[in-house]
Amino acid sequence: MRKIECTINNILISLSFIVFIISPNHAMAQPDTKKVSKSMFTLKTFNAEGALLSSSNGFYVGPNGEAVSNFEPFVNAHKAVIIDVSGKEYPVECMLGANYMYDVAKFRVSTKKSIPVSLATSTEDAAIWIIPFKGKNTFSSIEAKIIKAEKIQKDYDYYTINIATPDEMTSCPAVNSNGDVVGMIQKSAKDNATTTSAISSLFANDLKLTGLSLNSSEMKSTFIKADIPDNYEQAQLMLYIAESAYDSLRLESVITDFIQKYPSSTDGYISAARQAYKGNRFADIDNIIENGLKKCDKKDDLHFNFGRMIFMKEVYKESLPYPAWSLDKAFDEATKAYSQNPNVQYRQLQADILFTQRKYDEAFDMYMDIATTQKTPIGYYQAARCKEQQHDTTTVIALLDSAIATFSKPYLKEAASYLFIRAQWHIKQGEYRKAVADYNDYEMTMGEINVNDGFYFLRYQAELEGRMFQQALNDITKALNKSPNNTEYMAEKASLEIRVGYYDKAMETARQIISLEATNSDGALFLGLAQCLAGNKSEGIKNLNKAKELGDTQAQSLIDKYGK
């Protein structure tokens, strides 16, 4: 009997072992879910009025509040909080990265310390455990299996899991037998799905922001602020983009965070000063610069930008009184900058201030110093402006010659403005053919497609004065090609055609004027004059009388001349 009992007990033990082996929940040793659960939390997001937008799950991936979840809850969110396993609530401080396509977000929670999960660096086992978050001190797991792994963005896996999960498990972790997080559960796209997808935990953890992130669809769709990048160049780019993309309130937050992260950089203080300048808060600028000078390494940069803001205020906002600022103070700041770092920009600002103060001799010397040491055209040009104020035309043109001489042929587009300016000075001096030569170089430099009808009309006038009639006809025709219905150009063309004896062409041009503007006396005047000169005086006088009726003051003298 005893032997029979022992046999029965052995059979029962064997059956228990078999049941353990074949049971889905005991196919492999279950990982320590309690450890992973301590890193998990509930995420809640809210709109501007404080109403709940969405709830989801997430888990810490770093020791300083770095966490991941799905991105969908952050869309249009103004505020977000997490509630951890102990029931404590912490605000979400900032976004660290996001991806719309795979619905993943990385962010920082405002906590002094967080317990991160351990991330799996590879996925060799198909068996995984999904850990749902059920609130305070509740730990459980659901065994599953990876049935497919696809590569995304070359380095990361996107998993298909053999069981379906409810939406309440979105962003919960899936771990391997060691308790390392393999992936993050994604919300199902289908109501009757039989499988679940998970995104690699490494993909979520590697999300980061760049300087261009503020222009991304992700960051544009949430009001949770972006973190300042750890890379300084990217941080600079983000600050620059924020100035053009953000409203003043959000920009102020970016500037504050930038200064906090990079207190020795001038960029944050200068950006803050620019915003204060836009709001005419001049006293605030004084405080911002003073604070920056205490902390920044490149003090010359702050002195320069401060001096430039004072200069701009005195020139463009002089109607707004602020006794602490003046052109003399602007010059003093530019001088401090130059004494610390002999940068040509600082010298340029000094000269510009002197020019504005009408101290032309001093400004001229500084501009010439810039021109001769830097071999740049702008120095010669601005020196020429000083001589223009002193009515020294000869020196003006000589200095413009020097500015253009800093370029070599074929000219780059940077030379175009100097060629154009010198052409206008040649016209003032009555040197029309020299002006035409500069206009020709200007056109060649800019390209015919990049010049307008006004340019061709200007060159036409210079050619006309220089008795370059064929060139003038070509240019007034080009002006008309750019502006086909311009009757002023047509009148100029008809006048010149008469002057060079092209009477038939002049009649054709005059008729075009009449067809466009029947009440324009120029059409009748030039048609009548061309007809008279071509020998058809009877028709010509009729048209001259028509021009007289339309109010043309020249018509009567022509009638008297050709009506005899």
Side-chain angles (χ1 to χ4, degrees), residues 30-98 103-119 129-142 165-175 179-187 198-199 201 204-205 207-209 222-228 253 256-257 260-261:
Q30 183 174 334
D32 182 3
T33 59
K34 185 174 181 180
K35 179 181 176 182
V36 178
S37 296
K38 288 180 179 179
S39 302
M40 296 175 65
F41 52 75
T42 296
L43 170 71
K44 293 183 179 293
T45 60
F46 306 88
N47 63 18
E49 288 73 37
L52 180 67
L53 273 181
S54 182
S55 294
S56 188
N57 305 289
F59 49 90
Y60 288 116
V61 292
N64 300 306
E66 300 89 347
V68 295
S69 181
N70 58 317
F71 180 68
E72 184 181 5
F74 289 99
V75 175
N76 296 321
H78 286 253
K79 178 186 175 183
V81 300
I82 67 99
I83 303 169
D84 68 12
V85 70
S86 65
K88 292 183 179 179
E89 181 179 301
Y90 298 96
V92 171
E93 186 178 287
C94 61
M95 303 300 296
L96 300 177
D103 191 24
V104 185
K106 186 176 181 182
F107 49 94
R108 180 181 293 116
V109 176
S110 185
T111 178
K112 293 181 179 179
K113 185 179 180 181
S114 55
I115 302 173
V117 298
S118 175
L119 301 179
W129 286 262
I130 302 169
I131 305 177
F133 187 67
K134 297 181 179 179
K136 187 175 181 180
N137 296 322
T138 56
F139 312 109
S140 62
S141 66
I142 301 169
T165 57
D167 288 346
E168 290 76 14
M169 289 176 62
T170 299
S171 297
C172 285
V175 304
D180 300 328
V181 177
V182 174
M184 187 170 71
I185 299 299
Q186 295 214 293
K187 187 176 182 179
I199 187 79
S201 57
N205 186 51
L207 287 174
K208 61 182 179 180
L209 298 175
T222 183
F223 293 93
I224 306 297
K225 71 178 182 178
D227 188 35
I228 303 298
S253 175
T256 300
D257 290 346
Q260 185 175 358
K261 192 161 191 172

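Residue pairs meeting the salt bridge (charged side-chain N to carboxylate O under 4.0 Å, His left out) criterion with at least one partner in residues 103-117, sequence neighbours excluded, are E93-R108, R108-D227. Residue pairs meeting the ring pair (Phe, Tyr, Trp, His ring centres under 6.0 Å) criterion with at least one partner in residues 43-68, sequence neighbours excluded, are F41-Y60.
When all heavy atoms of L209 and A226 are compared, the pair lying nearest together is CD1-CB, 3.6 Å. Contact record, I142 with M169: CD1-CE, 3.8 Å, taken as the closest heavy-atom pair. When all heavy atoms of G65 and T111 are compared, the closest pair comes out as CA-CG2, 3.8 Å.
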Acceptor/donor pairs from residues 66-74 side chains to any protein atom, 3.5 angstrom cut, sequence neighbours excluded:
unit_1: E66; atom_1: OE1; unit_2: N64; atom_2: N; d: 2.8
unit_1: S69; atom_1: OG; unit_2: N57; atom_2: O; d: 2.5
unit_1: N70; atom_1: OD1; unit_2: S56; atom_2: OG; d: 2.6
unit_1: N70; atom_1: OD1; unit_2: S171; atom_2: OG; d: 2.9

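Going from atom NZ of K79 over to atom CG of L52 covers 11.0 Å, rounded to the nearest 0.5 Å. Note that the CG atom of N76 and the CD1 atom of I224 stand 11.0 Å from one another [nearest 0.5 Å].
By the side-chain hydrogen bond (donor to acceptor under 3.5 Å, both in side chains) test, S110 pairs with no residue at all, sequence neighbours left out. The side-chain hydrogen bond (donor to acceptor under 3.5 Å, both in side chains) check on K44 picks up S55, with sequence neighbours excluded. Annotation: side chain to side chain contact (heavy atoms under 4.5 Å, CB included) contacts of A198 (sequence neighbours excluded): Y159, I161, I185. With sequence neighbours excluded, the residues forming a side chain to side chain contact (heavy atoms under 4.5 Å, CB included) with E89 are V81, I83, listed by chain and number. Checked against ring-ring contact (aromatic ring centres under 6.0 Å, His included), F223 has the following partners two or more places apart in sequence or in another chain: H78. Under the side chain to side chain contact (heavy atoms under 4.5 Å, CB included) criterion, S253 pairs with K225, D257, not counting sequence neighbours. Listed by chain and number, the residues in a side chain to side chain contact (heavy atoms under 4.5 Å, CB included) with S118 are D180 (sequence neighbours excluded). With sequence neighbours left out, K208 forms a side-chain hydrogen bond (donor to acceptor under 3.5 Å, both in side chains) with no residue at all.
Looking at S39, its side chain does come within 3.5 Å of a backbone N or O of I115 through a donor-acceptor pair. Looking at S114, its side chain does come within 3.5 Å of a backbone N or O of P63 through a donor-acceptor pair.
Considering only heavy atoms from C-beta on, I131 comes within 4.5 Å of S37 through its side chain. The shortest side-chain heavy-atom distance between V92 and L43 falls under the 4.5 Å cut-off. Considering only heavy atoms from C-beta on, M40 comes within 4.5 Å of C172 through its side chain.
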